Amino acid sequence: MKVPYLAVGAALLSVLACSVPSTAADPLVLNDIEWKAAPAKGKGEPHLQVSRRKSNSSVSIDGSRRELAGTEAALRGAAGPVSFTIVHAAGTLACTGVLKAAHDGAGRCRFTADPGFERDLASRGLAPEDRDDLLAMLLVDATIELADGLTAAGVKPKDDGDLIAAAALDVTPAYVRDLQSEAMTLTAIEDAIACKALDVDGAYVRGLAAAGYRKLSAHDVVGMKALGVSPEYARAMNRAASGSGK
């Protein structure tokens, strides 16, 4: 069941857009970056959109990330000039611009990559192709701790793109451990990412095991979830197949 994996690509388009190839002479400092803030819509949160060249990524300003506290405070200010800085292990994003109103403005940024972080990635086989990838890591909060935790959980990222995707979809070591059960053996990071993209959780996998399905591949589990197969439906199908009707 490979078709449902197409949904993973669609889910990651916006968050991975900053991770694009550039030239070999990749500078430590990236200057051609623009930002735009937009207020909340409906029950959503205000968000910050960061763009470079033809790529962009959005970050929710919802208070969930400590390093964005200063950005959140700056963007909820009154109309006028504004500046904010995001300091992350991957580097520093320093921005200036103008607010028209709270959470409504635009401007430009300068990103300075952290060479130490880049070396730490390389020592784990996760060296970025270019420093646009490091900017993407800042935006999705991809860290060395996440890379090491996923490796310890048995789903080692194979490259920096895997780490960015895992961070973007909040594929944590705890999430991976919760999925691993007698119903499904999870050993590949791309399978964990596919599961998270389709909202497969530990309860769903354990429900399949209780319905009589064990040692399924991640492809099978993702395919069942994509087709709307619930544990209750799987249990009913097993009863029908056995002729019990109970």
Side-chain angles (χ1 to χ4, degrees), residues 1-17 40-45 47 57-60 62-65 126 139-143 145-246:
M1 293 189 178
K2 296 184 178 180
V3 174
Y5 275 60
L6 294 174
V8 180
L12 295 177
L13 282 178
S14 62
V15 293
L16 298 184
K41 294 182 179 180
K43 295 182 179 180
E45 298 287 345
H47 67 271
S57 184
S58 291
V59 180
S60 291
D62 57 5
S64 62
R65 291 178 57 180
L126 303 174
L139 294 171
V140 301
D141 195 22
T143 63
E145 291 74 18
L146 176 60
D148 290 346
L150 292 172
T151 298
V155 291
K156 182 183 185 302
K158 297 189 294 296
D159 54 35
D160 67 310
D162 284 341
L163 180 60
I164 293 170
L169 289 177
D170 197 26
V171 177
T172 65
Y175 171 75
V176 172
R177 289 191 293 269
D178 192 43
L179 287 181
Q180 293 165 333
S181 71
E182 59 179 336
M184 178 179 67
T185 301
L186 191 63
T187 59
I189 184 63
E190 61 265 28
D191 291 338
I193 291 168
C195 285
K196 191 59 183 282
L198 289 178
D199 293 325
V200 174
D201 58 16
Y204 179 77
V205 175
R206 289 188 291 274
L208 293 179
Y213 292 88
R214 292 176 173 80
K215 297 184 178 179
L216 295 170
S217 70
H219 281 78
D220 289 336
V221 172
V222 168
M224 293 171 76
K225 179 70 171 182
L227 293 173
V229 177
S230 67
E232 293 75 17
Y233 178 80
R235 193 175 300 113
M237 290 299 292
N238 271 348
R239 287 198 300 265
S242 66
S244 66
K246 299 180 181 179

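Since this is a predicted model, take the numbers as computed values, not measurements. Excluded from the calculations below are hydrogen atoms, water molecules and symmetry mates; all remaining heavy atoms, backbone and side chain alike, are included.
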#### Entry: Pairing residues for Lys215 by the side-chain hydrogen bond (donor to acceptor under 3.5 Å, both in side chains) criterion, not counting sequence neighbours
none
What's the shortest heavy-atom distance between [X] and [Y], and which atoms?
X	Y	result
Leu186	Gln180	O-NE2, 3.3 Å
Pro157	Ala147	CD-O, 4.0 Å
Asp162	Ile189	OD2-CG2, 3.3 Å
Pro173	Leu146	CD-CD1, 3.9 Å

Nearest 0.5 angstrom please: [X] [atom1] to [Y] [atom2], how far?
X	Y	atom1	atom2	answer
Arg65	Leu139	CZ	CG	7.5 Å
Leu216	Thr185	CG	OG1	9.5 Å
His47	Ser58	NE2	OG	4.5 Å
Lys156	Leu163	NZ	CG	10.0 Å

### Task
Would you check, one step at a time, whether the test side-chain contact (heavy atoms from CB on, under 4.5 Å) holds for Asp191 with Met184?
CA-CA 11 Å; Asp191 291 338; Met184 178 179 67; over 6 Å; no
Atom pairs and distances, donor-acceptor, side-chain atoms in residues 192-210, under 3.5 Å, two or more places apart:
| residue | atom | partner | partner atom | Å |
| --- | --- | --- | --- | --- |
| Lys196 | NZ | Leu169 | O | 3.2 |
| Lys196 | NZ | Asp170 | O | 2.8 |
| Asp201 | OD1 | Ala203 | N | 3.4 |
| Asp201 | OD1 | Tyr204 | N | 2.9 |
| Tyr204 | OH | Lys225 | N | 3.3 |
| Tyr204 | OH | Val229 | O | 2.5 |
| Arg206 | NH1 | Asp178 | O | 3.3 |
| Arg206 | NH1 | Asp178 | OD1 | 3.0 |

